[in-house]
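Just so it is clear, the structure is predicted and the values come from calculations on it, not from any experiment.
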Amino acid sequence: MLNINYGSLFLAIETGTLIAILVGAVVVCAIGFGLLGWLLQKKAFEKEQGKIKEVTDRMLADAREESKSIKKEAILEAKEQELKLRNEFEKESKEKRAELQRMENRLTQKEESLDKKEENLQKRNEETTRQQNNLKAKEVELDKKLEDIAAQHGQMIKEFERIAQMSREEAKKQLIDAITDEARRDAAGTVRNIEAEAKEEGERKAKEIVSLAIQKCATDQATEITVSVVDLPSDDMKARIIGREGRNIRTLENATGIELIIDDTPDVVVISGFDPVRREVARIALEKLIQDGRIHPARIEETVEKVKKELDQQIKEAGESAMFECGIFGLHPEIIKLLGRLKFRTSYGQNVLKHSIEVSRIAGVMATELGVDVQLAKRAGLLHDLGKSVDFEIEGTHMQIGADLAKKYRENGNVINAILSHHGDVEPKTIEAVLVASADGISGARPGARRETTTNYVKRLQKLEEIGAGFKGVDKCYAIQAGREVRVVVKPEQINDAQTLYLAKDIAKKIEQEMEYPGQIKVNVIRETRATEYAK
């Protein structure tokens, strides 16, 4: 049988119960403390919520007060803006009403004025109608009188024919024949007198023009074209240049074909000659000899030959440079050399090669504007003064010489015509020839192109106008075309058509006597009569 220890059993039970009671007590304490913490936390949370609610209520109250204040300010600002807009609107309305009132007043005045004009027009129309009726009546009366006059005229002619015993046509023919014979006799006598006077005047005027031209051009032209100057370092150099018994200077003159003048001017040697290339050869050779110091016949001849070769190359390069500068190609090599020689040729102080390049450019620009052959105009412009390169060697004008040279080297016929006609001696056949002549005048006549200052240029124009205006019967006088033309307007009641010819001659004669100028000046005398009437 099972032996149970009841004492131990009861002890164990009591111990377990005690433990259970202790555990339960601990659990109850933990629950109690948890409830207590929760209650405390809840109370703190409710307190915090109260504070938050209090702050929120206060903020809401402040916001409501602020919104009320903003709303009031906005309402006040809106009212002020409304008042301002209303005042502006009323002001603009008043101005517009005033403007409308002014416009209405003006319209009313215009209507009244138009009404008055309409009344005046009606009165004028009535007056015109009345005058037209009167004119018609007068025309009818005049027609009747003309018919009566015609009838009486016919009767008178018949009576005259009966008395003269010839018809009207026979009398008219006889009268015309008599007048024609008399007019022919008078005209023949007048023509003979005019021819005699013209021949005498022409010879005298030709001599006068030639002599005046020589007087005007001799000093400056000769000095400018035929003379160069070389400075000497000392007077001793003169003796070395002359040499023993003058052999050095003779050798230099024979080698260059140029005359050397030493004694007239101190410290310089004057080189005189009409050929600009030879003169340049002599100048350069003499300068090299002076720098070298060895001056004797053999050295002179050697230096001159060397300078000639160098100058020939410079001439060729100058011609090619001018050709390329103008954009022209295909020129004959001899023409290029002749162009290069123009580098040493001047006209009234203007370098002829630069002048030719300038004429080529101006003619090309004008040809471009007119839509004609630009290359032809530029080519003719560059070659127009070609004859000046040898005009001191060949007889004739530089236009004819240049044309002959161009023909010799097979230039275009239009180019040849432009060369011949650029001074008006020959009639131009093309527009390009006219452009070359115009470009030549522009290049030569512009201020500063030739040996003439702007002040002298202006004085010359003023002098031309003074001479033209100084004659009796002249109304106005203008110097145009850069002083190459004087246009004189006369008073038609004081100068008749026949007197205009003599006035032009007198003005030209006085210009020749009192002025110096390059080229020629054209005198145009204009007599104009005008009749003016107004149709009403």
Side-chain angles (χ1 to χ4, degrees), residues 216-217 220-226 228 274-277 279-280 314-328 331 335-367 374-392 397-403 405-406 411 415-416 418-425 428 432-454 456-457 460 481-484 517-521:
K216 291 175 183 176
C217 301
D220 293 342
Q221 192 82 349
T223 301
E224 180 184 340
I225 292 179
T226 64
S228 296
F274 288 97
D275 189 330
V277 177
R279 195 171 66 250
E280 186 69 11
Q314 290 182 18
I315 288 171
K316 184 180 178 182
E317 291 176 357
E320 291 175 348
S321 176
M323 183 179 70
F324 292 136
E325 188 173 349
C326 295
I328 297 169
L331 292 176
I335 290 182
I336 294 175
K337 290 181 180 178
L338 291 171
L339 276 176
R341 290 171 68 93
L342 293 177
K343 179 181 179 182
F344 306 101
R345 178 77 154 81
T346 57
S347 177
Y348 288 97
Q350 185 180 27
N351 185 276
V352 177
L353 182 58
K354 292 182 179 179
H355 165 68
S356 299
I357 295 171
E358 187 175 351
V359 170
S360 176
R361 289 177 174 175
I362 295 171
V365 172
M366 291 192 293
V374 178
Q375 285 299 317
L376 175 60
K378 292 172 71 176
R379 194 182 190 95
L382 182 62
L383 302 180
H384 80 286
D385 275 344
L386 187 66
K388 287 187 177 181
S389 60
V390 291
D391 60 350
F392 45 83
T397 64
H398 75 277
M399 294 86 71
Q400 187 61 52
I401 296 170
L405 290 171
E411 274 295 326
V415 173
I416 296 171
I419 295 173
L420 281 171
S421 63
H422 75 272
H423 280 313
D425 297 331
E432 291 81 5
V434 178
L435 295 180
V436 170
S438 301
D440 179 52
I442 293 169
S443 175
R446 64 177 174 78
R450 297 190 172 182
R451 193 176 296 277
E452 184 179 32
T453 63
T454 305
N456 292 336
Y457 172 78
R460 180 161 63 87
Q481 298 291 337
R484 293 200 171 190
Y517 48 89
Q520 59 185 8
I521 297 175

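- To the nearest 0.5 angstrom, Leu342 atom CG is 9.0 Å from Lys388 atom NZ.
- Interatomic distance, CE of Met323 versus CG of Leu331, reported as 5.5 Å (0.5 Å rounding).
- Although no hydrogens or angles enter the test, the distance criterion places a donor-acceptor pair under 3.5 Å between the side chain of Ser360 and the main chain of Lys378.
- Proximity of a side-chain donor or acceptor of Ser321 to a complementary backbone N or O of Glu317 within less than 3.5 Å is not detected.
- Of the charged side-chain nitrogens involved, none lies within less than 4.0 Å of a carboxylate oxygen, so that Arg379 and Glu432 do not count as a salt-bridged pair.
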Checking Glu411 against Leu383 for the side chain to side chain contact (heavy atoms under 4.5 Å, CB included) test, could you report, in this order, the C-alpha distance in whole Å, the side-chain angles of both residues, the deciding distance, and whether it holds?
CA-CA 10 Å; Glu411 274 295 326; Leu383 302 180; 3.9 Å; yes
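- Nearest approach of Ile419 to Ala406, heavy atoms of both residues: CD1-CB, 3.9 Å.
- Heavy atoms only, all atoms of each residue included: Ala367 and Ala377 are closest at CB-CB, 3.8 Å.
- The minimum heavy-atom distance between Val359 and Ala439, with the atom names listed, is O-CB, 3.6 Å.
- Rounding to the nearest 0.5 Å places CG of Leu339 at 8.5 Å from CD1 of Ile328.
- Atoms OG and CZ, on Ser389 and Arg345 in that order, are 9.0 Å from each other to the nearest 0.5 Å.
- With contacts defined as side-chain heavy-atom distances shorter than 4.5 Å, the pair Arg341/Leu353 does not qualify.
- Remark: Lys316 NZ to Ile336 CD1 distance equals 8.0 Å, nearest 0.5 Å.
- Under the 4.5 Å side-chain criterion, counting only non-hydrogen atoms from C-beta, His423 is in contact with His398.
- The shortest distance between side-chain heavy atoms of Ile401 and Leu386 does not fall below 4.5 Å.
- Here the shortest heavy-atom pairing between Cys326 and Leu382 reads SG-CD1, 4.0 Å.
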Can you check ring-ring contact (aromatic ring centres under 6.0 Å, His included) on His384 and His355, steps first, answer last?
CA-CA 10 Å; His384 80 286; His355 165 68; 5.1 Å; yes
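- Taking every heavy atom of both residues into account, Asp385 and Ser356 meet most closely at CB-OG, 4.1 Å.
- We find the CD1-CG distance between Ile357 and Asn351 to be 8.0 Å, quoted to the nearest 0.5 Å.
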